[in-house]
There are 2 protein chains.
Amino acid sequence: MKVLLVEDDQFHASWMEEMLADALPEVSEIFHAQNGAEAEREARLLSIQAVVMDLRMATRNGIEAARTLWQERPETRILFWSNYADEAYLRGITAIVPEDSAYGYVLKTAPRDRLKLALRAVLIEGQIMVDREIHRLQRRQATPWATLDDSEFAVLLDLAIGLQDKRIAERRGMSLRTVQNRLLALYDKLGVDAEETEPLNKRVRALNRALVTRILNIEALEAAQRDFDQWSATRR
Amino acid sequence: MKVLLVEDDQFHASWMEEMLADALPEVSEIFHAQNGAEAEREARLLSIQAVVMDLRMATRNGIEAARTLWQERPETRILFWSNYADEAYLRGITAIVPEDSAYGYVLKTAPRDRLKLALRAVLIEGQIMVDREIHRLQRRQATPWATLDDSEFAVLLDLAIGLQDKRIAERRGMSLRTVQNRLLALYDKLGVDAEETEPLNKRVRALNRALVTRILNIEALEAAQRDFDQWSATRR
DNA sequence: AAGTTTGCTGCGGGAACCCGCAACAGGTCT
DNA sequence: AGACCTGTTGCGGGTTCCCGCAGCAAACTT
């Protein structure tokens with residue numbers, strides 16, 4: 001079996017190569033890409049069906065690359081491997097994973113055994129496996145058990161790129177007042193104004209809280225901007 | 001000479017150890033800390049005067065640790081060593097570096113030679129050395145040569161944590177209108193509304209742009225929040 | 001010395017935002 | 001069927017924000 005390793009940090013790359021050789025004897029060849037663009041090219045060229053993918057890379061990040069890979073060959077198995085337990089990454093991934101594709105998400109800080117387990121589960125067995133740390137680390141200060149639903153998350157993204165209520169309403173096909181209701185829910189769930197003595201600018205505060213709690217990260221902002229630009233181009 | 005290496009990624013740590021041994025024969029002992037808190041403890045205990053410090057760490061980041069170290073022993077020489085060329089880091093550092101202290105900032109992607117050079121320049125010679133990549137990478141889309149001055153940056157931080165105009169004015173000792181003038185300058189320099197077709201929420205947009213251009217990062221938000229909490233505690 | 005620039009400030013108004021109140025639709029429970 | 005919950009929408013008003021206009025003082029120019 002051929003495996004493509006996408007990772008721009010050489011130390012992590014060589015550690016992972018070693019790990020692959022150790023954990024998966026059925027791997028015959030390991031290919032290596034330094035960024036998302038290379039990954040897309042190599043996967044196409046070599047008919048890769050098993051990938052270990054870093055998320056944060058300089059030129060083209062793991063989620064974008066994965067989207068392309070899955071568009072071209074939905075049965076590709078991808079194990080995402082990241083330093084950060086950002087919910088934004090997880091949402092980004094689950095938004096693009098095709099029906100019945102195998103994928104996984106492991107932290108780079110995970111112990112050796114768990115990583116090996118994940119490699120086998122995802123790349124060989126075709127299972128889905130997500131490091132539970134990712135959920136655990138969240139919701140430190142945000143009101144607990146308050147998960148954003150998809151429509152709230154969509155509004156959060158629109159808020160984050162700076163759209164006004166009216167624009168969000170247009171884009172998402174809601175009335176102005178509904179958008180504002182979503183925003184109220186967001187302010188509540190993100191803990192805006194909770195136990196604050198002074199009044200704050202709620203919109204900015206919501207973005208701030210979303211970032212600090214890792215519900216969003218900067219890459220998610222960039223991705224949201226691209227989506228919006230694309231949508232707004234088609235609409236005129 | 002004793003050197004303290006503060007780094008929570010084991011691969012990077014062992015690479016740096018090797019690099020230190022190779023580049024600086026005058027180093028007699030290398031100590032190792034996994035995070036900022038450990039670093040403060042060990043430096044105090046061992047009278048460390050030369051430090052190589054990662055910036056992004058789990059429990060206590062490099063800038064906070066450096067502040068403590070420099071408070072206790074201002075002549076400490078610190079080489080910061082980071083994956084990211086965020087202007088926010090650089091501002092954070094220059095805000096806390098004492099008069100005539102030696103420090104440096106090198107990217108982890110820097111070639112071997114440049115790293116060795118920086119190690120020697122900062123730790124042995126006591127010079128100041130900043131990787132020029134850091135400035136180069138900035139200002140992709142922000143209006144060029146538009147550097148924020150200190151008071152603008154301060155207002156940006158206040159905006160970022162969600163303060164309203166009136167509060168910012170109180171905190172910074174400016175009139176309301178002056179704060180708003182600063183905000184106008186910020187909107188301009190950050191490229192808010194530049195070549196946009198639709199009207200946006202300027203405050204949110206400003207924060208978004210500051211993050212995307214790496215003038216701010218999430219850690220800077222967290223730090224600003226702590227500063228503010230502290231300030232607001234003393235004021236009542 | 002008179003003119004010019006630059007930064008700080010108040011005033012005022014239009015737009016956006018926050019949000020309570022109430023009406024209404026569709027689904028669920030008793 | 002009637003009571004009830006939940007999500008959507010309009011209305012209205014108090015607040016904050018954005019920003020043009022203008023006055024003022026200090027610094028700088030000619």
Side-chain angles (χ1 to χ4, degrees), chain A residues 142-143 145-210 228 232, chain B residues 142-143 145-210 228 232:
Chain A
T143 28
W145 65 82
T147 311
L148 305 188
D149 66 36
D150 290 342
S151 91
E152 285 163 350
F153 191 72
V155 171
L156 175 59
L157 288 177
D158 287 346
L159 177 151
I161 59 180
L163 299 189
Q164 336 191 133
D165 295 0
K166 208 193 313 178
R167 306 296 158 187
I168 302 177
E170 285 176 22
R171 183 178 185 194
R172 303 293 174 188
M174 303 187 255
S175 84
L176 192 66
R177 195 60 184 78
T178 301
V179 172
Q180 294 174 334
N181 279 335
R182 292 282 140 78
L183 289 174
L184 287 190
L186 278 176
Y187 298 153
D188 184 34
K189 291 187 178 177
L190 292 172
V192 172
D193 258 9
E195 60 187 286
E196 304 288 348
T197 90
E198 359 194 5
L200 297 172
N201 182 304
K202 311 226 165 171
R203 301 197 141 222
V204 171
R205 191 65 185 162
L207 176 52
N208 182 311
R209 302 285 307 141
F228 173 74
S232 96
Chain B
T143 29
W145 65 82
T147 312
L148 305 188
D149 66 34
D150 290 342
S151 90
E152 285 163 350
F153 192 71
V155 170
L156 175 59
L157 288 177
D158 287 346
L159 178 151
I161 59 180
L163 299 189
Q164 329 191 145
D165 295 0
K166 209 192 312 179
R167 305 295 159 188
I168 301 177
E170 283 175 24
R171 181 177 186 194
R172 302 294 174 187
M174 302 187 254
S175 84
L176 191 66
R177 196 59 183 79
T178 302
V179 171
Q180 294 174 333
N181 280 334
R182 291 282 141 78
L183 288 174
L184 286 189
L186 278 176
Y187 298 153
D188 184 34
K189 290 187 180 177
L190 292 172
V192 173
D193 259 6
E195 61 186 287
E196 303 289 348
T197 90
E198 356 194 6
L200 297 172
N201 181 305
K202 310 227 166 173
R203 300 196 143 224
V204 171
R205 190 65 184 163
L207 176 51
N208 182 311
R209 302 286 304 141
F228 173 74
S232 93

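Throughout, a chain's letter reflects where its sequence line sits, starting with A, and its residues are numbered from 1. All of these numbers come straight from a predicted model, not from anything done at the bench.
- The separation between Glu152(B) atom CD and dT6(C) atom C1' is 14 Å, rounded to whole Å.
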All N/O contacts under 3.5 Å from nucleotides 4-6 of chain D to the protein, with atom names and distances to one decimal?
none

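- Between the C1' atom of dT9(C) and the CG atom of Leu176(B) lies a distance of 10 Å, rounded to the nearest Å.
- From Leu184(B), atom CG reaches atom NZ of Lys202(B) across 8.0 Å, with rounding to the nearest 0.5 Å.
- When heavy atoms are screened at a 4.0 angstrom cut-off, Arg182(A) is found touching the sugar-phosphate backbone but no base atom.
- Under 4.0 angstrom from either OP1 or OP2 of dT16(D) there lies no side-chain N or O belonging to Asn201(A).
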Restricting both atoms to N or O, compile the protein contacts to nucleotides 20-24 of chain C shorter than 3.5 Å, with distance only.
{"residue": "dG20(C)", "atom": "N7", "partner": "Arg177(A)", "partner atom": "NH2", "Å": "3.3"}
{"residue": "dG20(C)", "atom": "O6", "partner": "Arg177(A)", "partner atom": "NE", "Å": "2.7"}
{"residue": "dG20(C)", "atom": "O6", "partner": "Arg177(A)", "partner atom": "NH2", "Å": "2.8"}

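- Partners of Arg205(B) according to the salt bridge (Lys or Arg N to Asp or Glu O under 4.0 Å) rule, which considers only residues two or more places apart in sequence or in another chain, are Glu196(B).
- In this structure a side-chain-to-backbone donor-acceptor pair under 3.5 Å is missing from Arg182(B) to Val155(B).
- Going from atom CZ of Arg172(A) over to atom P of dT8(D) covers 14 Å, rounded to whole Å.
- Nucleotide dA16(C) holds its C1' atom 15 Å from the CD atom of Glu198(B), rounded to whole Å.
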| Run the side-chain contact (heavy atoms from CB on, under 4.5 Å) check on Leu186(B) and Leu183(B) step by step: do they pass? | CA-CA 5 Å; Leu186(B) 278 176; Leu183(B) 288 174; 4.2 Å; yes

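- Proximity note for Met174(A) (side chain, C-beta onward) versus dC18(C), dT9(D), dT16(D): the nearest is dT9(D).
- Every side-chain hydrogen bond (donor to acceptor under 3.5 Å, both in side chains) that Asp149(A) has, sequence neighbours left out, goes to Ser151(A).
- Between dT9(D) and Thr178(A), a contact under 4.0 Å exists linking OP1 or OP2 to a side-chain N or O.
- In this structure, the nucleotide among dC18(D), dC19(C), dT8(D) sitting nearest to the side chain of Lys202(A) is dC19(C).
- End-to-end axis angle for the helix from dA1(C)-dT30(D) to dT30(C)-dA1(D), using five pairs per end and rounding to 10°, comes out at 20°.
- Counting to the nearest Å, the P atom of dA15(C) and the CZ atom of Arg167(A) are 13 Å from each other.
- When rounded to the nearest whole Å, the span between NZ of Lys166(A) and C1' of dT9(D) equals 17 Å.
- Residues satisfying the salt bridge (Lys or Arg N to Asp or Glu O under 4.0 Å) criterion with Arg172(A), sequence neighbours excluded, are Asp158(A).
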